[in-house]
Protein chains: 2
Amino acid sequence: MKRNKPKYMQIIDAAVTVIAENGYHAAQVSRIAKAAGVADGTIYLYFKNKEDILVSLFEEKMGSFVGELENKISKISTASEKLHKLVEMHFHHLASDHHLAIVTQLELRQSNIELRVRINGVLKGYLAVVDHIVKTGMESGEFNPGLDVRLARQMIFGTIDETVTSWIMNDQKYDLLQLVNPVHQLLINGCGYSQSTLK
Amino acid sequence: MKRNKPKYMQIIDAAVTVIAENGYHAAQVSRIAKAAGVADGTIYLYFKNKEDILVSLFEEKMGSFVGELENKISKISTASEKLHKLVEMHFHHLASDHHLAIVTQLELRQSNIELRVRINGVLKGYLAVVDHIVKTGMESGEFNPGLDVRLARQMIFGTIDETVTSWIMNDQKYDLLQLVNPVHQLLINGCGYSQSTLK
DNA sequence: AAGATATGAATGAATGGTCATTCATTTTAT
DNA sequence: ATAAAATGAATGACCATTCATTCATATCTT
């Protein structure tokens, strides 16, 4: 019903820009409307309320990303290489859209908890991909078979997320994609000294 | 001047409780005042504004923790054991005060970016401890000498933080302290298969 | 020692600015 | 001509902050 209405996407894109450039608190509905070239009231023809804009934004922008991710990763055989691709795609996705990166890493997190629970729902798909990689690695013998899958997932997601957030907070002064290899290396081998330091 | 005024701490403790139990948005100044057994106006004798309560809260509760951390860790010789102690103290600090854990992991993050920058200032001390551990390990040969210290810090902090946040979001259904060993193990050896799986 | 005076901590009702949301009306499409 | 979509001014709820006033305690005066 709403997916192929042009105004729907117009409003979402305007919201990303307004929130990224002015911050969550200054992102009044009327400002988003103006940026979308639409009347305030029009917003409410497409979204239940202001929060719904935020969740929809995340659903639209992240939902398709997870699809792509699943697709690309399914074509790779080793767990280590799957993980490498995950890190690369995650970094690329956000490095190629600074506005979206600011919104997801900083602004969206200012939402209340009820909203964050809904956002977590969207994240579930992403985390399922991580879990799958971990399980694959454990079964193939690439990864430690004694791993706690939940913990491994939390390490992988926590590390990637913290890396991106730091990058954003440092005004994207360096190239995020250059960190793909070292981050992947850290996830596989940790801080400890390891024989196989080459990818 | 303000540190030994009883009302100051009274208000901070009330704020932790009110915010943890009702959420940031429902934590009106008047509610905090009532919980502290104080008039609304009194708050403004001790705090510049509402945000100042939040930052002060974090400064008070976290500042002393970093001091303790530095102290304990300086008495340990190996980097791996230092890291183990860091994880243990971090988990213990939050597992022993659920209200504080909710406030730091969920509620405090709803603050605006200006405020988060101030919060990051407080965190700097904590992150310096992490950096120090990483450098120690690299010098002693315990850790991979090719590590990027910033990335290693982000992995360590990101993993710990994500683990605590997940624990909170799952209503603290399991014992956080039981995760100290596996998390430490993950940080040192990563997901990969490693000879030394015992601590 | 008793009263007079000063201090500043504490109070809480009132204020004022902000914005999300609504809806009567207009415009566009079929 | 009818329905559907869009408009944007008006509304009203919300809540941080203010400030005139109170009150308990300390200090001074005789």
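Order of the sequence lines sets the chain letters (A, B, ...), proteins ahead of strands, with each chain counted from 1.
Each of B/Arg153, B/Lys82, B/Arg150 was evaluated against B/Asp131; a single residue qualifies, B/Arg153, per the salt bridge (Lys or Arg N to Asp or Glu O under 4.0 Å) test.
We find that OH of A/Tyr24 is positioned 12 Å from P of C/dC19, with the value rounded to whole Å. Across the protein-nucleic acid pair, A/Phe47 atom CZ and C/dT21 atom P stand 13 Å apart, rounded to whole Å. Between A/Tyr44 atom OH and C/dC23 atom C1' the separation is 13 Å, expressed in whole Å. Between the CD atom of A/Gln10 and the P atom of D/dT7 there is a distance of 9 Å, rounded to whole Å. Look at NZ on B/Lys34: it is 14 Å from P on C/dT11, rounded to the nearest Å. Distance B/Ile32 CD1 to D/dT17 P: 11 Å, rounded to the nearest Å. Taking atom NZ on B/Lys50 and atom P on D/dC14, their separation rounds to 15 Å, with Å as the unit. As a whole-Å value, the separation of A/Arg31 CZ from D/dG8 C1' is 18 Å.
For B/Tyr46, the side-chain atoms get nearest to C/dA9 when compared with the rest of C/dA20, C/dA9, D/dT7. Closest to the A/Asp40 side chain, of the nucleotides D/dA6, D/dG8, C/dA13, is D/dG8. When distances are taken from the side chain of A/Ala39 to each of D/dC15, D/dG8, C/dC19, the shortest belongs to D/dG8. Considering only the side chain of A/Leu45, D/dA6 comes nearest among D/dA6, D/dA16, C/dG12.
Taking CG of A/Leu186 as the reference point, atom CD1 of A/Ile156 lies at 12.0 Å (rounded to 0.5 Å).
No side-chain N or O of B/Gln28 forms a donor-acceptor pair with one of B/Ser30 less than 3.5 Å apart.
Along DNA chain C, the nucleotide closest to B/Thr42 and the one closest to A/Lys48 are compared, and the more 5′ of them pairs with B/Thr42. Residues A/Gly41 and A/His25 each lie close to DNA chain C; by heavy-atom proximity, the contact nearer the 5' end of the strand is made by A/His25.
Panel note: side chain B/Lys50, backbone B/Ala27; a donor-acceptor pair is recorded below 3.5 Å. Checked by atom type and distance alone, the side chain of B/Asn22 pairs as donor or acceptor with a backbone atom of B/Val18 at under 3.5 Å.
The side chain of A/Lys7 contributes an N or O atom lying less than 4.0 Å from OP1 or OP2 of D/dA6.
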